[in-house]
Amino acid sequence: MTNAMMGAALGLSFTLALILANPAVAELLKDGGSGTIFVFVVTMVTTFSIGATLTGAVLILNEDRES
């Protein structure tokens with residue numbers, strides 16, 4: 001659970017950095033409306049969250065095998 005929350009926070013911060021650093025992304029999101037912004041942010045947060053959860057699971061399973 002902590003890995004998923006960590007991934008969500010990382011995804012949200014990466015999304016904000018991407019929007020601030022790339023004016024083309026900001027312009028596309030502005031033209032798309034609030035629904036587009038919501039879908040973009042949720043997609044990024046979910047992707048990072050799933051990735052962090054799977055990585056944490058692999059690391060925990062490998063740690064248990066070595067013990």
*Enter the distance from L59:CG to E63:CD here, rounded to the nearest 0.5 Å.*
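Rounded to the nearest 0.5 Å, the CG-CD separation comes out at 8.5 Å.
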*Between CG on residue L20 and OG1 on residue T15, distance to nearest 0.5 Å*: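 If I round to the nearest 0.5 Å, the distance is 11.0 Å.
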With sequence neighbours left out, which residue pairs that include part of [range] fulfil the salt bridge (charged side-chain N to carboxylate O under 4.0 Å, His left out) condition?
range	value
residues 39-50	none
residues 13-28	E27-K30
residues 2-21	none

Please give the remaining members of the hydrophobic cluster of [X], linking ILVMFWY side chains under 4.5 Å, ordered by chain and number.
X	result
V58	none
M44	L10, L12, F14, L18, I19, V25, L29, I37, F40, V41, V45, F48
M1	M5

*Quick one: does T53's side chain have a donor or acceptor within less than 3.5 Å of a partner on N3's backbone?*
no
*Looking only at heavy atoms, what is the nearest atom pair of A52 and G7, with distance?*
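Nearest heavy atoms, A52 then G7: CB-CA, 3.7 Å.
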*Measure across T46 and V42 and return the closest heavy-atom pair with its distance rounded to 0.1 Å.*
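Residues T46 and V42, closest heavy atoms: OG1-O, 2.7 Å.
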